[in-house]
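Nothing fancy with the numbering, it's 1 onward along the sequence. Since this is a predicted model, take the numbers as computed values, not measurements.
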Amino acid sequence: MAKRRPSQIDPFNAGEPELPWELPSNDPARDGFDDGHVCGLPEEGYESPVKRPDNYDAPDTTEEAPARRRPRKSSKPILPKRPRNADSRGKKGCGCITAFIIMVAALSIFGALGSCISEAVYDLTLNHSSPFDAFDDYDDVDDYDYDYEYEYDSDELDADEQAVEQATIDTLEALDEPGGTAETSIIEYFTWDFENLTGFTVEDAGIDPAEYAAWALHTVDYQIHDVYAFSAIDEDDEATGSSYFDIELADIDSWRNDFYPEVFEYLDDRGLLDEDDATLSDEDRAFIQELYAGTLETYADATHTMEYAGLDFVQRDGEWVPDEDVYDSTLEYLFKLYY
């Protein structure tokens with residue numbers, strides 16, 4: 001029977017234990033672990049090493065842990081959750097709509113109020129003197145439609161500018177020359193335009209486009225405003241010049257708006273616009289010829305239009321000649337030659 005340990009051993013300060021099979025014995029076979037003999041424990045009881053007691057006082061584990069306190073029940077009764085019904089949802093939606101209506105109404109009121117305030121301020125300041133009037137030497141006017149007259153003095157131009165001015169005069173005076181570039185361009189355009197809009201040629205209708213060109217050119221009048229001349233930069237370059245002017249012309253757009261709608265209405269009433277091989281009768285030609293001559297005569301004395309245009313010039317062999325591209329573009333603009 002194993003002996004009781006004489007004193008309590010502190011597990012933290014105890015030394016390494018000696019196992020039974022590590023103790024010396026009188027059996028040489030057992031000590032040398034020779035023949036695979038099964039080790040047996042000694043018959044006497046195992047005695048653990050004894051350690052002298054120290055001053056360590058181990059905690060007492062026999063003391064009972066305090067009992068946990070049970071949670072107190074609330075004295076307030078638990079009420080059942082209120083079910084969400086269709087009425088509550090409906091009331092919530094109505095609140096959003098009401099808020100939106102109130103916001104729109106408020107914006108409208110504030111907008112109208114701001115407009116009234118601005119009008120009141122304008123009425124209070126209207127026709128009242130400004131604190132800056134003491135420094136203003138100009139008369140206040142309510143009509144801003146000024147008649148501006150440009151003071152153009154040819155005597156102040158240098159030799160090249162005077163040459164460009166004279167070239168401008170020669171070019172504008174030559175616009176209504178028979179067989180000139182302007183007349184030819186207008187005749188070609190009217191011939192194309194009439195056939196493109198009516199489906200019939202000027203020969204089919206028996207009208208002369210030269211009468212239209214003469215009418216378009218008969219009222220040409222102009223006033224030069226600015227003239228510039230620029231010397232050549234080097235020997236391979238050309239001197240250039242430009243001029244700007246107001247020009248008075250026949251009211252081409254108004255004539256077209258009167259002539260062509262009546263031609264269309266006449267041809268449409270007789271079904272001549274829907275037929276591919278339609279031909280004009282003598283009666284049809286007579287109507288178009290009379291309308292053509294009558295409208296040209298009416299607009300010969302009508303109010304003319306004023307256009308602002310310009311020309312470019314190039315000096316070649318000491319002579320200022322119009323730049324052809326700019327000249328053609330100016331004719332297109334002035335006489336509505338838009339293909």
Could you tell me the separation between the [atom1] atom of [X] and the [atom2] atom of [Y], rounded to the nearest 0.5 Å?
X    : Y    : atom1 : atom2 : answer
D312 : S242 : CG    : OG    : 5.5 Å
D160 : Y228 : CG    : OH    : 15.5 Å
D246 : D221 : CG    : CG    : 10.5 Å

Please test D176 against H218 for side-chain contact (heavy atoms from CB on, under 4.5 Å), starting from the C-alpha separation and ending with a verdict.
CA-CA 7 Å; D176 58 351; H218 83 286; over 6 Å; no

Got [X] and [Y] here, is their nearest side-chain heavy-atom distance under 4.5 Å?
X    : Y    : result
L157 : E165 : yes
D204 : T198 : no
F245 : H225 : no
F335 : L217 : yes
E211 : L296 : yes

Check the angle between the aromatic planes of W215 and Y212 and answer parallel, tilted or perpendicular using the 30° and 60° thresholds.
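It falls in the tilted class, 30° to 60°.
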
Do the rings of W255 and Y292 sit parallel, tilted or perpendicular, given the 30° and 60° boundaries?
perpendicular

Can you check side-chain hydrogen bond (donor to acceptor under 3.5 Å, both in side chains) on D158 and Q162, steps first, answer last?
CA-CA 6 Å; D158 59 25; Q162 289 180 358; over 6 Å; no

Polar side-chain atom of [X] near backbone of [Y] as donor-acceptor pair, under 3.5 Å:
X    : Y    : result
N196 : D193 : no
Q289 : G206 : yes
D208 : A210 : yes
Y327 : L311 : no
T330 : A309 : no

Looking at residues at least two apart in the chain, or sitting in another chain, which of them share a salt bridge (charged side-chain N to carboxylate O under 4.0 Å, His left out) with D282?
R285

Any cation-pi pair here, R270 with Y266, using under 6.0 Å and within 45°?
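That pair qualifies as a cation-pi contact.
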
Within 6.0 Å of [atom1] in [X], more than 12 heavy atoms from elsewhere:
X    : atom1 : result
D234 : CG    : yes
E297 : CD    : no
E324 : CD    : no

For I288 and F194, run side-chain contact (heavy atoms from CB on, under 4.5 Å): C-alpha distance rounded to whole Å, both residues' side-chain angles, the deciding distance at 0.1 Å, then the answer.
CA-CA 11 Å; I288 295 175; F194 183 84; 4.3 Å; yes

Consider side-chain contact (heavy atoms from CB on, under 4.5 Å). Of I169, L249, L175, which one does Y222 pass it with?
I169

Please assess E195 against F200 for the test side-chain contact (heavy atoms from CB on, under 4.5 Å), listing each intermediate value before the final yes or no.
CA-CA 5 Å; E195 183 177 359; F200 298 96; over 6 Å; no

Please confirm whether Y339 and F190 have ring centers closer than 6.0 angstrom.
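No.
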
